[in-house]
Number of protein chains: 2
Amino acid sequence: MRQSIKTGTERVTIAQVAREAGVSKTSVSRFLGGEFDALSVRLRDQIGTTIARLGYQPSQMARGLKGGRTRLIGMLVADILNPYSVAVLHGAEAACQKYGYTLMLCNTGNDEQREKQSLAALHSYSVEGLLFNTQGRNVTPLKELGQAAFPVVLLDRRVEGCDFDLVGLDNVSAAQLATSHLLEQGYTDIALVVQPLYGVSSRQGRQAGFLQAMNRRPDCHGETLEVHIDQPGHTATVLHEFFLRRRNGGGRIAILAGNGMVSLQIALALQSMKLRFPEDIGLLCFDELAWSPLVGAGISTIEQPTYEIGFTAIERLLVRINGERSGRKEILLDGRLVRRGSTAPVATGHAAP
Amino acid sequence: MRQSIKTGTERVTIAQVAREAGVSKTSVSRFLGGEFDALSVRLRDQIGTTIARLGYQPSQMARGLKGGRTRLIGMLVADILNPYSVAVLHGAEAACQKYGYTLMLCNTGNDEQREKQSLAALHSYSVEGLLFNTQGRNVTPLKELGQAAFPVVLLDRRVEGCDFDLVGLDNVSAAQLATSHLLEQGYTDIALVVQPLYGVSSRQGRQAGFLQAMNRRPDCHGETLEVHIDQPGHTATVLHEFFLRRRNGGGRIAILAGNGMVSLQIALALQSMKLRFPEDIGLLCFDELAWSPLVGAGISTIEQPTYEIGFTAIERLLVRINGERSGRKEILLDGRLVRRGSTAPVATGHAAP
DNA sequence: CTGTTAGCGCCTTCAG
DNA sequence: CTGAAGGCGCTAACAG
């Protein structure tokens, strides 16, 4: 006879519904499970009415406890401040809503310790599966999941030694597309600017595509520049050195930014160096951002189908959750080139001041 | 003796730990609950070792079922594509991680139907509290929560007829700050451009601050422009009309953008109208965005302490969850003016082409 | 078609 | 200090 001190919201239970409807809990449970062919019309109506009247909602906790169907999906994001992650999250959340799942979100901030803790947290809630955008280093905890055949779909970044499904961009093709575009526009000295390659397969893929495209043009020069974007001024320094190194070669210089975070740093660096694009330097960026059309004459980009990536990843995960046991599958979606002023061909050599 | 067909990850249970450690489930439970003073050192060690060896993690589902402490917090976001929401989410997620909670995220896309469904979903998982960034219209389901004294903290937007706590920007002051800045810089014809005011208290607050500041300057002209940013070209049209209407008044025109989403539309519109700032028009935007420094001579902004808003909101929610019953509390944080080129005072009347 | 009986994994009295 | 027993809300055999 104790009163709940907590909220006053006494949760309506299946037992209450059963009692008020004058039936057994089992029947109510069947109703909830949609087993209508196992219920007389009379019962069905009584139960339906009572549920509506009481505003009853089954507890997913209790349901999950029994059968393991928690209808929960965990999502681990390497960096929630990265617009890419958010865009993918958007698609994933939409898919979850469509299929009746709920997303538990953890941001790891590219930290392996937090990644591990978050993994533990999600596990403790018996999520049915995981969408995983890993930070890349020290992936032992992930591997354990793999051995346990736990449903996991990787986002964007592959993990060595694990045979998880993956959904992401076709990085090699996209980078080829990007590089070819720059070459076609008459750029001859191109720097691919990326965050540290180590451990991040998508960056490596983009580099591979870049190199392949450059190799077809021995008359042109290509190099990869690694920048630490959390280190203030680093991008500007690296860029400056590159520019000094190549400016007198007589070629036309361009930069290919490896992702949206890098794009921002590059745009800021170019601004501080007073370099305009495309007059002084060509610029093409991975990731279409809200502001891509706005800066200078507009920045050309490789747009990723981010919403689709997130949505597809959830669908793939649900397939796994529903028991599919086939081999590892990679779903690579195509990037799209968005041409803007920053890669326009400049008539003649327009010298910087 | 049935094998789990699902994953092969046979969940380690408290019973297993108890058996292997040669103790009772109760003792293990005490260990988990931190009741060490009720355990002999020997037991404590045995249990600790066994837990570590088995990699046991208690099921939050089962825990929650019993006592209601699910350690789950639901977050309802009006629009995940709004950078503001993401920034707040960032802070909220960090706070959750700090305090051992996990976030269940739902995006309502500013749709009242989805808001209602998401609410139901979160409820079914027995979240202990809710962070709520409502779409504003039709708030009956929210009110029911209020009557049940369920812990809720509102983000950014107030809800009429509910006495929930709220964390957000001090919109009135921030708008005064913004408007004053424009006036000080010599702008005389100012348009506050916002999304529809109806039902969204933060927009109304910003308008109030704007009007208050304008009223102190009867020699200047201020008006509020509502735009529908999902309607292509609408912002440009409204802006164009405003510009035509005021350009011959001899005053200096400026725009105050009501939030980040609007800022983007305005920047695009101005670009298509070939209007430069500050030469042709002044521009000040609510919400500091990654690209604010990049466009034109840089866009002046009112920066919100978004991370802090999210973090504080969680902390406030936890206070409520832990039983605080005091009256409604509003925590309003201050905005910060970031001066850039877009509100620079222009020497003389610089006519547009 | 319907209800009874057992748990799911954990916490919480209540006895030793 | 320790453990046995009961129940949280729900589902899943197993009988009728």
Side-chain angles (χ1 to χ4, degrees), chain A residues 1-2 4-7 9-47 51 54-72 123-126 128, chain B residues 1-2 4-7 9-47 51 54-72 123-126 128:
Chain A
M1 186 50 76
R2 97 187 197 309
S4 166
I5 322 166
K6 299 174 314 198
T7 61
T9 332
E10 278 310 306
R11 209 178 209 310
V12 184
T13 77
I14 199 175
Q16 248 168 88
V17 175
R19 196 177 332 120
E20 300 224 7
V23 300
S24 74
K25 290 195 293 174
T26 312
S27 296
V28 180
S29 178
R30 290 200 174 103
F31 182 95
L32 297 176
E35 305 171 47
F36 296 118
D37 39 339
L39 290 175
S40 67
V41 186
R42 200 168 57 84
L43 274 209
R44 196 188 317 178
D45 287 352
Q46 281 172 33
I47 296 174
I51 285 182
L54 266 44
Y56 166 70
Q57 283 185 269
S59 155
Q60 291 289 358
M61 298 267 123
R63 286 188 145 182
L65 188 54
K66 187 69 191 185
R69 307 302 316 228
T70 56
R71 302 241 143 211
L72 241 31
H123 176 70
S124 76
Y125 286 103
S126 308
E128 294 183 29
Chain B
M1 186 51 77
R2 96 191 198 307
S4 167
I5 322 165
K6 300 176 311 199
T7 61
T9 332
E10 278 310 307
R11 209 180 209 310
V12 185
T13 77
I14 199 174
Q16 251 168 86
V17 175
R19 196 179 328 120
E20 301 224 6
V23 300
S24 74
K25 290 195 292 174
T26 312
S27 297
V28 180
S29 178
R30 289 200 175 104
F31 182 94
L32 297 176
E35 305 171 47
F36 297 117
D37 39 338
L39 289 174
S40 67
V41 186
R42 199 172 56 84
L43 274 208
R44 195 190 315 179
D45 286 351
Q46 281 174 32
I47 297 174
I51 286 181
L54 266 44
Y56 166 70
Q57 283 185 271
S59 154
Q60 290 290 359
M61 299 266 121
R63 288 188 144 184
L65 188 54
K66 189 70 191 185
R69 306 304 313 230
T70 55
R71 302 241 145 213
L72 241 31
H123 175 70
S124 75
Y125 286 103
S126 308
E128 293 183 30

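A, B, ... follow the sequence lines: proteins, then strands. Residue 1 opens every chain.
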Asker: Classify B/S27 by what it touches in the nucleic acid, base, sugar-phosphate, or nothing, heavy-atom distance under 4.0 Å.
Answerer: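 Touches sugar-phosphate only.
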
Asker: Is there a side-chain contact between A/S126 and B/R11 in this structure, where contact means two heavy atoms from C-beta onward sitting under 4.5 Å apart?
Answerer: yes

Asker: List for me each residue that meets salt bridge (Lys or Arg N to Asp or Glu O under 4.0 Å) alongside B/R69, sequence neighbours excluded, and say none if there are none.
Answerer: B/E128

Asker: Can you list the residues that meet the salt bridge (Lys or Arg N to Asp or Glu O under 4.0 Å) rule with A/R44, with sequence neighbours excluded?
Answerer: none

Asker: With axes from five pairs an end, tell me the bend angle of the helix from C/dC1-D/dG16 to C/dG16-D/dC1, nearest 10°.
Answerer: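 One end's axis against the other's: 40°.
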
Asker: Within the structure shown, what part of the strands sits under 4.0 Å from A/T13 by heavy-atom distance: base, sugar-phosphate, or nothing?
Answerer: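 Touches sugar-phosphate only.
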
Asker: What's the CG-C1' distance between A/L65 and C/dG7, to the nearest Å?
Answerer: 10 Å

Asker: Which residue pairs pass the ring-ring contact (aromatic ring centres under 6.0 Å, His included) test when at least one of the two sits in residues 19-40 of chain B, sequence neighbours left out?
Answerer: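 Qualifying pairs: B/F31-B/F36.
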
Asker: Quick check: on DNA chain D, is the nucleotide nearest B/K25 upstream (toward 5') of the one nearest B/G22, or the reverse? Name the residue that is more 5'.
Answerer: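 Whichever sits nearer the 5' end wins; that is B/G22.
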
Asker: Enumerate the residues from residues 34-44 of chain B whose closest heavy atom to DNA chain D is under 4.0 Å, giving them by residue number; use none for an empty result.
Answerer: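 By residue number: B/D37, B/A38, B/L39, B/S40, B/L43.
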
Asker: What are the 5'-most and 3'-most nucleotides of DNA chain D lying under 4.0 Å from any heavy atom of chain A?
Answerer: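 Nucleotide range with atoms under 4.0 Å of chain A: D/dG9 to D/dC14.
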
Asker: Using atom NZ of A/K66 as one end and atom C1' of C/dA6 as the other, report the distance to the nearest whole Å.
Answerer: 7 Å

Asker: For a quick check of understanding: with a heavy-atom distance under 4.0 Å over all strands, which category does A/S59 fall into, base, sugar-phosphate or nothing?
Answerer: sugar-phosphate

